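Just so you know, these numbers come straight off a predicted model, no measurement behind them.
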Amino acid sequence: VENIAYCLWREGCRDFFVATLDEGLELRSILRKANIYVLDGLLEGQDKAFDKGNLVPVLNDIGQIEAWCRYCRILKTALPCVVQFDTGMNRLGLAPLEAERLSGSPEFLSGITVRGIMSHLACGADPGHPLNERQRASFNRIRAKFPDISASLANSAGVYLGQPFHFDMVRVGIALY
């Protein structure tokens with residue numbers, strides 16, 4: 001991990017996505033200034049560890065958003081997060097209808113800094129799969145509700161689907177290898 005992290009940092013990578021809090025803490029011990037996002041979300045009792053480790057949780061449900069907001073209000077500090085929407089992967093993320101709720105009630109997100117929104121492609125490795133285009137269209141509708149927030153849809157396979165899937169940031173993982 002250390003060699004890969006240093007190599008990516010030297011090449012200009014500043015944003016890193018990891019699966020779990022433990023992976024994020026390990027990477028933080030290697031890269032002090034990187035933006036490290038944890039895809040697993042904010043599990044119960046992890047708020048202090050995210051804060052202390054300067055890690056950014058990818059919030060995957062309303063309960064996680066509420067917990068992060070509560071923690072930030074206690075600190076009186078708006079800590080960053082990313083909100084994930086499920087556009088078809090059916091694994092993690094808020095339902096697209098929740099985008100309306102969040103964008104229509106800014107007070108719901110008060111006290112936190114939403115650094116980005118994201119989703120994950122279910123069939124990106126199959127360029128002709130119709131779900132890719134449906135997910136992109138769904139994500140575009142969500143993105144329209146958060147026009148000033150960075151957006152990310154393409155995982156490793158999604159990078160090869162072309163520019164319309166790239167948005168502001170791509171999350172290249174396994175394709176690095």
Side-chain angles (χ1 to χ4, degrees), residues 1-87 89 91-94 98-99 102 108-122 124 139 142-143 146 148-159 165-177:
V1 170
E2 190 171 335
N3 289 339
I4 295 165
Y6 284 138
C7 179
L8 290 170
W9 183 264
R10 281 192 305 271
E11 292 300 319
C13 183
R14 297 298 179 259
D15 297 294
F16 294 79
F17 286 81
V18 298
T20 66
L21 174 60
D22 288 342
E23 290 174 358
L25 292 170
E26 179 183 1
L27 185 57
R28 175 59 70 218
S29 72
I30 299 166
L31 298 175
R32 294 283 179 210
K33 295 182 179 180
N35 299 311
I36 302 173
Y37 304 89
V38 179
L39 295 166
D40 227 9
L42 179 70
L43 304 179
E44 189 172 335
Q46 291 182 335
D47 43 18
K48 290 178 185 162
F50 270 93
D51 182 18
K52 185 176 178 186
N54 190 26
L55 303 173
V56 180
V58 175
L59 305 177
N60 294 297
D61 61 45
I62 294 296
Q64 290 180 6
I65 292 172
E66 290 171 340
W68 196 237
C69 285
R70 270 193 308 276
Y71 182 72
C72 290
R73 280 194 293 273
I74 290 168
L75 293 181
K76 296 183 171 78
T77 302
L79 297 173
C81 66
V82 170
V83 177
Q84 179 165 210
F85 291 92
D86 182 0
T87 58
M89 183 77 174
R91 187 171 57 189
L92 290 173
L94 285 83
E98 295 290 355
L102 296 178
F108 192 80
L109 297 172
S110 69
I112 63 176
T113 301
V114 180
R115 188 179 281 176
I117 60 167
M118 65 172 280
S119 190
H120 193 81
L121 292 166
F139 194 66
I142 294 166
R143 171 89 188 279
F146 304 95
D148 299 325
I149 295 177
S150 180
S152 177
L153 176 61
N155 50 6
S156 284
V159 169
F165 289 84
H166 293 179
F167 291 89
D168 301 309
M169 178 190 302
V170 297
R171 301 179 319 276
V172 180
I174 193 69
L176 290 171
Y177 300 96

Practice prompt. Specify the closest pair of heavy atoms between Ile149 and Gly116, including all atoms of both residues, with the distance to one decimal.
Written response: CG2-CA, 3.3 Å
Item to complete: Determine whether Ile74 and Asp47 make a side-chain contact, defined as any pair of heavy atoms from C-beta on separated by less than 4.5 Å.
Response: no
Discussion item. Is any side-chain heavy atom of Thr77 closer than 4.5 Å to one of Cys72?
Written reply: no
Worksheet item: Taking atom CG of Asp86 and atom CG of Leu92, what is their separation to the nearest 0.5 Å?
Response: 8.0 Å
Worksheet entry | Spatial distance of atom CD1 (Ile112) from atom CG (Leu109) [nearest 0.5 Å] | 5.0 Å
Practice prompt. Indicate yes or no: at least one non-hydrogen side-chain atom of Pro57 is less than 4.5 angstrom from one of Val38.
Written response: no
Worksheet entry | Near-ring test Phe167/Phe139, centroid separation under 6.0 angstrom | yes
Discussion item. Can you confirm whether Tyr37 sits close enough to Met118 that some side-chain heavy atom of one is under 4.5 Å from a side-chain heavy atom of the other?
Written reply: no
Worksheet item: For Ser152, does its backbone N or O pair with a side-chain atom of Arg143 as donor and acceptor, under 3.5 Å?
Response: no
Practice prompt. Look only at the side chain of Trp68 and the backbone of Gly111, and say whether a donor-acceptor pair between them is shorter than 3.5 Å.
Written response: no
Discussion item. Check whether Ser156 reaches the backbone of Gly173 with its side chain - one donor and one acceptor, N or O, closer than 3.5 Å.
Written reply: yes
Worksheet item: Where is the tightest heavy-atom contact between Cys69 and Ser110, given as atom of each residue plus distance?
Response: SG-O, 3.8 Å
Worksheet entry | Gln46 side chain near Asp40 side chain, heavy-atom distance below 4.5 Å | no
Discussion item. Distance check, rounded to the nearest 0.5 Å: Leu42 atom CG versus Asp61 atom CG?
Written reply: 9.5 Å
Worksheet item: Distance from Leu153 atom CG to Met169 atom CE, nearest 0.5 Å?
Response: 13.0 Å
Item to complete: Apply the test side-chain contact (heavy atoms from CB on, under 4.5 Å) to residues Leu55 and Val18: give CA-CA distance (whole Å), side-chain angles for both, the deciding distance (0.1 Å), then the verdict.
Response: CA-CA 10 Å; Leu55 303 173; Val18 298; over 6 Å; no
Worksheet item: Under the 3.5 angstrom rule, does the side chain of His166 hit a backbone N or O of Val159 as a donor-acceptor pair?
Response: yes
Discussion item. What's the separation between atom CG in Asp51 and atom CG in Leu75, rounded to the nearest 0.5 Å?
Written reply: 5.5 Å
Worksheet, complete the sentence: Heavy atoms of Ile142 and Ala99 approach each other most closely as CG2-CB, 4.0 Å
Worksheet item: Just by modelled atom types, is the Leu39 backbone N or O under 3.5 Å from a matching donor or acceptor in the Asn60 side chain?
Response: yes
Worksheet item: Between Ile4 and Val1, is any pair of side-chain heavy atoms under 4.5 Å apart?
Response: no
Practice prompt. Compare every heavy atom of Gln64 with every heavy atom of Gly41, then report the nearest pair and how far apart it is.
Written response: CA-OE1, 3.5 Å
Worksheet, complete the sentence: Nearest heavy-atom contact between Val58 and Gln84 is CG1-CB, 3.7 Å
Fill in: Main-chain N/O of Asp168 paired to Ser150 side chain as donor or acceptor, under 3.5 Å
no
Worksheet entry | Heavy-atom closest contact (Asp15 atom, Cys13 atom, distance) | O-SG, 3.2 Å
Worksheet item: Any side-chain heavy atom of Arg28 within less than 4.5 Å of one from Asn54?
Response: yes
Practice prompt. Anything under 30° is parallel, anything over 60° is perpendicular, the rest tilted; go ahead and classify Trp9 against Phe16.
Written response: parallel
Practice prompt. Test Ile62 against Leu102 for side-chain contact (heavy atoms from CB on, under 4.5 Å), laying out the working first.
Written response: CA-CA 9 Å; Ile62 294 296; Leu102 296 178; 4.3 Å; yes
Worksheet entry | Rounded distance (nearest 0.5 Å) linking atom CG of Leu121 with atom OG1 of Thr87 | 6.5 Å
Item to complete: Answer yes or no: is there a side-chain heavy-atom contact under 4.5 Å between Val83 and Leu94?
Response: yes
